Amino acid sequence: MSADPTPRMWLTAFLGITRRETLRFVNQRGRFLAALVRPLVWLFIFAAGFRAVLGLSITPPYQTYVLYEVYVTPGLCGMIQLFNGMQSSLSMVYDRETGAMRTLLVSPFPRWFLLGSKLVAGVLVSILQVYAFLLIAWFWDIRPPVWGYVAVLPALFVSGLMLGALGLFLSSGIRQLENFAGVMNFVIFPMFFASTALYPLWRMRESSTLLHDICALNPFTHAVEVIRFALYGQVNWLSLGVVLGCLTVFFLGAVWMYDPSKGLWARRKGG
Amino acid sequence: MGRGAIPAPDIMTENALSIDSVSHRFGRFEALKNVSLTVPRGSFTALLGVNGAGKTTLFSLITRLYDNTSGVIRVAGHDLRQTPGRALARLGVVFQSRALDADLTVAQNLTYHAALHGIARKPALLRAAEVLAQVGLSDRLDSKVSALSGGQQRRAEIARALIHRPEILLLDEATVGLDVKSRAEVVELTRDLTRQGVSALWATHIMDEIRPSDGLVIPHRGQVLADGRAERIAAPHGDLTAAFLALTGAEGTGGTVA
């Protein structure tokens, strides 16, 4: 029995949620491999094929011409986080269907804290995946400055939080696991392809101004740019601002949707 | 609550749970209509109703999965709306659908739940051993949940619900899907717990699980039709099945009302 939770108890709860997410991830080795194989296929096959076709001019943060593989690497880091965010979303829907979500939500800690802890735990897992990818890319001669590996850590954290919060928000609106295919088709693929992950914005403008504008408005573009600049020890303030703004909106939206008196739970009919 | 917990004087009431004039709507559908009931400390109180009677909605309100917008719910004297954290800290819940993580071990599931109540890993492991002994699963601490039988999983869920030393256990049709032997074991286990001082609110649609001396609440179509000792509710009608049918007009077969 206890009074209100102490700071130590908040920390215990956060660590408990992180530990559970990590254990689930470790137990699902296939998930770790899939998360790595996907960007590596893009890097080894797609980038190698397009290297000769796509010419790239010198654009910040690059100070020289770079190979297409080098250009596409931050986008693939973003891709790992995007898919990880959606994977977390999928696991939230699964947890809700199986009832595990109820266990989390009947904890005495506030709902924003529980959802936030789950979000942070998912991001930590995605950061491990990104570093594993960057390590393999290093052997493929994609070698950002050494300090870039350190500078990219906070960038990965905020971009991962933003994409995870988007996943959390989406999960609150998905009623059944079967509906998740819609998220793939209508969220993940459009977000990834209509971004600067694969082509720079000026390339987009050459083919379509509308497409350029869509890409410029896409939050994933800004997540990728935050990562790209950080890998070279720089900060893209505009993109960072967009990422932080979107993070706030998505997370507040998710907390609202999971609030017992509003959003999803209020609309559900019990027995 | 273990290491890191602050001992605090509880609000001493004679009821572990009290629900006063609670209503709930889903759009136009009124799922609960002015429901009031109490669960005295240390009692086994059954909530007997057919599917759709409002049992799960009531549980969802008590566990704050839904917000109660009318009436008052108090857990060990703590108002669920005013001090939700304090109220939820005193609740242990076994949901109708199984909610253990099948990929993790029993210990990992229990320590995760303990962490959600602010209990650090080391004391949580000690407590896990205690509650698993209580439910007869001492030797399954390191077993994966997927390796347990249905009855063992239910007992592990009860152990999980007990790990933070709640004052009241809510069990929502906890015997669904179990064979006769496992069902009897789970009911008996819960009765044992009430003898040790934990109160239990046991939602069911199976009459055999109720004893004459139990507290009994009969909800039907969102309203409480009867609230009292089972034997008193049954007395005017001869037995509990007849009383239930007379009160609700529901069809009953083989000791169940589903």
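Proteins come first, then strands; the chains are lettered A, B, ... in the order of their sequence lines, and each starts at number 1. Computed from a prediction, not measured in an experiment: that's the story for all the values here.
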| remark: Rounded to the nearest 0.5 angstrom, the CD-CZ distance for Gln108(B) and Arg24(A) is 12.0 Å
| Roughly how far, to the nearest 0.5 Å, is the CG atom of Leu116(B) from the CG atom of Leu104(A)? | 5.5 Å
| query | If you round to the nearest 0.5 Å, how far is CZ of Arg121(B) from OG1 of Thr12(A)? | reply | 12.0 Å
| field | Structural part of Leu11(A) lying under 4.5 Å from a heavy atom of chain B | value | neither
| Over 12 non-hydrogen atoms of neighbours within 6.0 angstrom of CZ in Phe193(A) | yes
| said: For Arg81(B), I'd like to know if atom CZ has over 12 heavy atoms of other residues, nucleotides or ligands within 6.0 Å. | reply: yes
| query | Nearest 0.5 Å, what's the CG-OG1 distance between Leu100(B) and Thr103(A)? | reply | 7.5 Å
| request: Provide the closest heavy-atom pair for His117(B) versus Phe109(A) in the form atom of the first, atom of the second, distance. | output: C-CE1, 4.0 Å
| query | With a 4.5 angstrom heavy-atom cut-off, which part of Asn68(B) approaches chain A: side chain, backbone, both or neither? | reply | neither
| remark: One should read off an interatomic distance between Tyr112(B) OH and Leu23(A) CG, to the nearest 0.5 angstrom, of 11.5 Å
| field | Minimal non-hydrogen separation, Pro108(A) against Gly85(B), with atom names | value | CB-O, 3.2 Å
| query | Relative to chain A, which of Asn109(B), Leu88(B), Val93(B), Thr83(B) shows the most heavy atom pairs under 4.5 Å? | reply | Leu88(B)
| query | If we only count heavy atoms from C-beta on, is the Asp101(B) to Arg20(A) side-chain gap below 4.5 Å? | reply | yes
| request: Measure the spacing between NE2 of His164(B) and OG of Ser107(A) and express it to the nearest 0.5 Å. | output: 9.0 Å
| note | For Gly16(A) and Ala115(B) the tightest heavy-atom approach is CA-CB, 3.6 Å
